[in-house]
Structure formats: structure tokens, C-alpha cells
Amino acid sequence: MQTEQLFNSFIVFLLFFLVLSRLIISHLDMDDFPELEIALETVNKMQEREEKELRVFPASVDPEVVAACACQHCPPRSTQEPGEYCCASIFTLQPLQKGILLRDGLLRKLKEHGSHPCITLDPLCSNYIMTEAAARSSAEMYSMLTGEPITDVNRSYRYGAYRLFVATSIGHLGKGIRIRLPSCFVHAVRQIWPSSHYRGFNQ
Ligand SMILES: *[C@@H]1O[C@H](CO)[C@@H](O)[C@H](O)[C@H]1NC(C)=O
Ligand SMILES: [Zn+2]
Ligand SMILES: [Zn+2]
């Protein structure tokens, strides 16, 4: 998840660099330099790679079908990113291998599977993963293991909850492997520990 921060910072840096270099170049009266469109194209390519990396369903499955909310707890589609999915999709559609690990893990760990329309209503989430005690201990453990100090408490709790969700359902995901989490879960976590500055990317 840290790589997302890095990715965002890199994009800001890249745009800043290109705008700055344009200014310098135009000052020097040279026009043989990358246009902003090339920068945006690079950013698009990086977003595509990111999207592929996080993917839970194969490209053959219609992303709109995957995103269509059947759990009543996903945020509006207009506020989502292209590859987002409803928690119900993971049980009704055929996911990729990573998604299968997530689905099977949830089937083992959900306490009342089948009695709630959304996983966020299951006690596994509502009484455990999404509680302050759990998110905080996950955040502090992560900080201890990585040496990264906690500077934004709410952000650390959100990531604490995301990591705990993966740890609980899948366990060890593999070094550098990432997975997109269900929209309703991410949305619920953001409601509990809001950020003062949400931007375009997953935070
Ligand atoms: C952090 O989350 C709490 C609720 O858990 C909220 O009251 C507070 O405003 C949030 N802090 C920021 C900076 O948004
Ligand atoms: Zn949903
Ligand atoms: Zn849901």
C-alpha cells in the first residue's frame, strides 16, 4: 500500500518537473521538448499498470458487472475507479487467483456468511477489523516492523484495517503482491477514519 503513496508522489513530481522544464525551455526559446500530453500519457500508462496489478477479476468480465452493487453499501459508481468491485461480486462471479484466495478466506472467516447483504455488516468486519482497537494495533505493529512512524493517525488506522482485512482473509499475500479490496469495505473504513484531503487515488 505504501507504493500507492510513492506512485502519487511520483506523478506530482513528474508533472511538476515537466511544467518547470517547459517554462525553462520556453525561456531558452527551444521547442524540442516533451509536451504535457506525453507526460499525461505516461501517467495513464502507469495507472493502467497499477490497475492490472490490483485486478481481482479477469479482463474478460465486464467491469460494470463487477462494480454493480448488490450489497447496498458501495459508494456511487461515479465516485469509484474503473476496476472497483462490490463485495457480492466476489461470491457470484469468477475472480482471478488472488480473488479466489480472498473469496475462500472470507468464506472461512465471515462469522455469519449468508445473513448479511454486505461483508461490512458481518461481525468479522463490524466487531473486529473495523474497530479502533484492531485498526490501531495493526497500524502500530506495521509501524514497528517497517520503522515508518505514524504521522497521520486516521490514515494509519485505514491502512491498518486494510492490512488486517488481507491478513485475516488471505494471510501472506506474497512480497510486493497487491490486491484491490471491495469498494464497500474501503468506503466504510474511510467513513470511520476520514481523511482531510481525499484526492483521485486510493488513500
Ligand atoms: C479522524 O477520525 C475521527 C473519527 O474517527 C474524526 O472525528 C476526525 O475528524 C478525523 N480526523 C481528520 C483529520 O479528519
Ligand atoms: Zn456493493
Ligand atoms: Zn459490500
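This is a predicted model, so every value here is computed, not measured. Counting starts at 1 for both ligands and their atoms, following the listed order.
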* Would a distance-only check, ignoring hydrogens and angles, find a side-chain to backbone donor-acceptor pair under 3.5 Å from N154 to P194? -> yes
* **Heavy-atom pair of closest approach, residues A67 and Q80** =>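 Scanning both residues completely, I find the closest heavy atoms to be CB-OE1, 4.1 Å.
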* To do: Can you see which heavy atom on Y128 is nearest to which on L124, and at what distance?
  =>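 It is CB-O, 3.1 Å.
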* Is any heavy atom of the protein nearer than 4.0 Å to atom 14 (O) of ligand 1? -> yes
* To do: Using protein heavy atoms only, decide if any is under 4.0 Å from atom 7 (O) of ligand 1.
  => no
* Stepwise side-chain contact (heavy atoms from CB on, under 4.5 Å) test for I192 and V189 -> CA-CA 5 Å; I192 304 173; V189 167; 5.5 Å; no
* Asked: With under 30° as parallel and over 60° as perpendicular, where do the rings of H113 and F91 fit, or are they tilted in between?
  ->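 Correct class here is tilted.
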* Asked: About how many Å separate CE of M130 and CG of L121, when rounded to the nearest 0.5 Å?
  ->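 With rounding to 0.5 Å, CG (L121) is 8.0 Å from CE (M130).
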* Asked: Is R158 positioned over the aromatic face of Y162, cation under 6.0 angstrom from the ring centre and no more than 45 degrees off axis?
  -> no
* Output, by chain and residue number, all protein N/O/S atoms separated from the Zn ion (ligand 2) by less than 2.8 Å. =>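 As for protein N, O or S atoms lying under 2.8 Å from the Zn ion (ligand 2), they are C69 SG, C71 SG, C74 SG, C86 SG.
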* To do: Please name all residues satisfying ring-ring contact (aromatic ring centres under 6.0 Å, His included) with F57, sequence neighbours left out, ordered by chain then number.
  =>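 Y85.
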* For ligand 1, does I192 get within less than 4.0 Å through its side chain, its backbone, both, or neither, judged by non-hydrogen atoms? -> backbone
* To do: Report, in ascending order of atom number, the atoms of ligand 1 lying under 4.0 Å from any heavy atom of N154.
  => 1 (C), 2 (O), 3 (C), 8 (C), 10 (C), 11 (N), 12 (C), 14 (O)
